[in-house]
Amino acid sequence: MFQGAGVIFGKKNTSAENSANPVQLTRRQLLKTGGMIMVSAATAGPLMTLANGPVLQPPTPAQGPFPIPAGTLVDSFIAISANGEVIGFNGHVDLGTGVRTAIGQMIADEIDTDFAKVKIILGHTRQTPNLGPTIASDTIQNAATPMRQAAAQVRQLLLALASKRWSVPVAQLRTDNGFVVGAGKRLSYAELAAGQDLHVDLDTHIALRPSKEHKFIGKSVARVDIPNKVLGALTYVHDVRLPGMLHGRVVRPPYTGADYTAPLGDSLISVDHDSIKHLPGIVKVVVKGDFVGVVAEREEQAIAAMHQLKVQWKEWAGLPDLSPAALRDALVNNEKTERLLREDPNYQESLQKIKTPIDREYIWPFHMHGSIGPSCAVAKLEDGKVHVWTGSQNPHDLRKDLGTLVDLHPDFVNVHRMEASGCYGRNCADDVAADALLLAQAVGKPVRVQLMREQESGWEPKGTAQLIQVRGGVDAEGNVVSYELQTSYPSNLSPTLALVLTGKVENKKRVLQMGDRTSVPLYDYPAVRVVSQDAAPLVRASWLRGVSALPNVFAHESWIDECAYLAKEDPIAYRLRYMKDPRAIGVIKAAHRLGRWQDGPARRNIAPADQKIVTGRGFAYARYIHSKFPGFGAAWAAWVCDVSVNLETGVVKVDKVYVSHDCGAMVNPAGVRHQVHGNIVQSTSRVLKEFVTFDKSGTTSLDWGGYPLLRFDELPEVEIELLEMPHEDPMGAGESASVPSAAAVANAIFDATGVRLLEVPFTPSRVLAALRKAKASK
């Protein structure tokens, strides 16, 4: 595909061991394969080892696995081929957010070439650098500016190369859609790159092209991934087929979705291989520790074998009661460590000034990621190297896990990242990739594994439950004088399952500090105290859209709404009283305007006593603050929400949602709009319907009947305003619009009924119970 020599941009090699340096090795490979400009750019995100490391020989069994080398720290790459095509390499992946298209738009504008000539490779571990998992709306926010700087630097160097070749000052030259022109001459980028071998540091101070020169940034360019999906081309990992491929299924322990408290890794008693001897097409039963799998010639044969294989496990029923009625106590009694995030010097003194205390507890349930199709992967081992096709959002981390699993250095593991069936955080894609590899290793042929629905739903690491306790209050005039929030968040670090089942990784408690997302209130209260209670896992869990921020904001925005009501003030005006951030004020005022908000306190339009269906309107605002505390902010979003509540059935319907959204400079406004809309739909479903059920042995929500989602006929009408901020930095837009959702709906339900709901989801039974309790207390 590539011809000629090339130019490389990035961090200069300072190692004396040039022959073993990964960057040098990659450059030699590129120079052999084509005329290329290559760019590396540092970001604020995690920088990992270059995917194409030094050439190593596969270890012999006697040697054991190689250690993971430190390597050279790099980020994203850009390459120009001999035909002028621009290739961008990024270690993140596209989870349906359209980042493949957006990154291409940025590169095309800064390097000044046609968008159609830009191709983006994402997440492929032998072609892209390790940027860590694709989480926290991080791709555009942290990779955008450096990639633009790198592309701008390529453009400047191309101008310099043309200047030198033509003996014409750079000031007399310009670029024009893939060419350098001036002095009556014209050369393509590919022609200028040919024969060059340059490697320079990224200049983070290089000037970017002004927005008036942009052809693609800020434009709603059609997404490049859609045509293949419409045409049925190979896009999804579920459609991968390899020559000689066999089919596998796995048999999991009976502690579905349990974490470290279950005897995972030491629970298998016996496997009766003869129990499936009568079935056709069986190739092998594979047993390694607690990992049990079957391989067959055809998929239906593997499924039959999975169902009929007799396996005996140790008995265990050690989960606490996680039913809705008992969840609060389970969260309170869970092992935890307090971490003080903020305590203002006057906090203790402020408690004495409270005239009306407002102490509340808000409860968030376990949620499912709910991939529409079960996870799937294909694996093969060939010449001592591993190839795995998967929909993982963590390809480089998975690469290390797979190497550990089969005692290979990660350099011999290649993860081909493909589209999957939905991902709003971590599902079972990593687990099934490891399953496929173990089975492929056992039979010496490629193996495809697709989980069953009950395995996907049961074993996917759940979005964790959360308990938020707020203590504070207002003075006699209704002013907030004190605010304390304690958030208890059971941890969500679940290793790749096969590592635990095979004993490669110890099945032990792992506690993360992730409950603090947007835990500090976004208002300038006089005195604030915030504590994160970092808790042990209760079940297998992992991050889910709006990690801990959505529950924390449910508490923040419900509480301040209650303050506004006690003060007999308009909910939006009351919030603005405690707001200084001009971007926040802007997005709140935009929502006020978009929703045609009528100023005044809540509960102004109390329905007649005999009215069956009542309506209400609620407001909530947030900025998603994420990553290691104190973290950094993604987009701002504000909701105005209209609801209807059936007082006889308790059914809540979200009729319409107005959302204003500020994510800074929008690379692709259509992509942002789609993300905001998707956030609205998914979070409305979570708020109204979704919660995972358990018994003493594990998850019992194993199908869609046991985990209902919002239906098409229940979708709200949506109106969105995207604030134009072309001169601001781009902010993450993949999660922020979901964060105000629960509070907005809860505040609307209060406006309609006078009942404050403090526990998600707002199911009919919960609404009816709250209405009855309120009626009885009158």
Side-chain angles (χ1 to χ4, degrees), residues 360 362 364 468 518 521-523 545-546 549-565 570-576 579 584 587-603 614-624 635-645 652-662 676-690 710 714-721 735-762 766-767:
R360 300 289 182 265
Y362 304 88
W364 195 262
I468 306 98
T518 324
L522 299 171
Y523 299 101
R545 201 176 214 171
L550 207 169
N552 287 334
V553 168
F554 173 42
H556 289 321
E557 289 293 296
S558 295
W559 191 86
I560 193 172
D561 212 72
E562 194 165 348
C563 293
Y565 178 70
D570 175 77
I572 294 180
Y574 190 85
R575 286 169 169 82
L576 291 173
M579 187 73 65
V587 83
I588 289 173
K589 289 185 175 180
H592 183 285
R593 180 179 62 255
L594 178 69
R596 296 170 283 279
W597 183 270
Q598 295 181 345
D599 295 334
R603 294 291 290 153
V614 295
T615 60
R617 167 168 276 203
F619 175 85
Y621 146 82
R623 187 184 186 194
Y624 182 29
W636 293 258
W639 279 48
V640 172
C641 178
D642 294 330
V643 305
S644 301
V645 182
V652 176
K653 186 177 188 305
V654 176
D655 297 311
K656 187 162 185 175
V657 176
Y658 305 84
V659 172
S660 59
H661 192 267
D662 175 3
V676 173
H677 203 149
N679 270 281
I680 293 168
V681 171
Q682 186 197 27
S683 58
T684 300
S685 179
R686 293 173 70 183
V687 168
L688 293 184
K689 291 195 168 191
E690 299 180 31
L710 202 68
E714 297 171 318
L715 293 177
E717 185 181 350
V718 172
E719 195 169 333
I720 298 166
E721 180 176 344
E735 301 178 74
S736 297
S738 70
V739 177
S741 58
V745 177
N747 294 338
I749 293 172
F750 173 78
D751 186 47
T753 66
V755 170
R756 290 257 173 219
L757 297 179
L758 307 181
E759 188 169 356
V760 171
F762 308 142
R766 189 164 280 158
V767 171

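Throughout, residue positions are numbered sequentially from 1 according to the sequence presented.
- Side-chain contact check for Asp655 and Ser644: at least one donor-acceptor pair (N or O, by modelled atom type) lies under 3.5 Å.
- Remark: side-chain polar atoms of Trp639 are paired, donor with acceptor, to backbone N or O of Ala737 under 3.5 angstrom.
- Between the NZ atom in Lys589 and the CH2 atom in Trp597 there is a gap of 15.5 Å [rounded to 0.5 Å].
- Looking only at side-chain heavy atoms (C-beta outward), Leu594 and Val640 stay at 4.5 Å or farther from each other.
- The backbone N or O of Ala635 sits nowhere less than 3.5 Å from a side-chain atom of Arg623 that would complete a donor-acceptor pair.
- Looking at His556, its side chain does come within 3.5 Å of a backbone N or O of Thr518 through a donor-acceptor pair.
- In this structure, Glu557 contributes its side chain and Tyr621 its backbone to a donor-acceptor pair below 3.5 Å.
- Atom CD1 in Ile680 sits 9.0 Å away from atom NE2 in His661 (nearest 0.5 Å).
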### Task
Show your working on side-chain contact (heavy atoms from CB on, under 4.5 Å) between Asp642 and Thr615 and close with a plain yes or no.
CA-CA 7 Å; Asp642 294 330; Thr615 60; over 6 Å; no
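- The heavy-atom pair separating Ser736 from Ala637 by the smallest distance is O-CB, 3.9 Å.
- The shortest non-hydrogen separation linking Ala620 to Pro740 is CB-O, 3.4 Å.
- The side-chain heavy atoms of Val760 and Arg686, taken from C-beta on, include no pair separated by under 4.5 Å.
- Here the straight-line distance linking atom CH2 of Trp364 with atom CG of Leu758 works out to 13.0 Å at 0.5 Å rounding.
- Smallest separation of non-hydrogen atoms from Ala742 and Phe762: O-CE1, 3.8 Å.
- Side-chain atoms of Arg603 come within 3.5 Å of backbone atoms of Ala752 as a donor-acceptor pair (strictly under, hydrogens ignored).
- Side chains of Val681 and Leu715 form a contact here, defined as non-hydrogen atoms less than 4.5 Å apart.
- Atoms CD and CD1, from Gln598 and Ile572 in turn, are 11.5 Å apart once rounded to the nearest 0.5 Å.
- In this structure, the side chains of Val659 and Val718 stay at 4.5 Å or more apart for every pair of heavy atoms.
- Using a 4.5 Å cut-off on side-chain heavy atoms (C-beta onward), Val767 and Val755 make no contact.
- The heavy-atom pair separating Val654 from Leu688 by the smallest distance is CG2-CD1, 3.8 Å.
- In this structure, CZ in Arg593 is found 14.0 Å from OH in Tyr658, a value given to the nearest 0.5 Å.
- Contact detail for Ala748 and Cys641: the closest heavy-atom pair is CB-O, 3.6 Å.
- Between the side chains of Ser685 and Glu690, at least one donor N or O sits under 3.5 Å from an acceptor N or O.
- The main-chain N or O of Phe750 is never found under 3.5 Å from a side-chain atom of Arg756 such that the two would form a donor-acceptor pair.
- In terms of modelled atom types and a separation under 3.5 Å, the side chain of Asp751 and the main chain of Arg617 share a donor-acceptor contact.
- Side chain of Arg575 to main chain of Pro571: a donor-acceptor pair is present (N/O by atom type, distance under 3.5 Å, no hydrogens or angles).
- Between Phe554 atom CZ and Glu759 atom CD the span is 8.5 Å, to the nearest 0.5 Å.
- A donor-acceptor contact shorter than 3.5 Å links the side chain of Asn747 to the backbone of Phe619.
- Residues Met579 and Ala584 share a closest heavy-atom pair of SD-CB, 3.5 Å.
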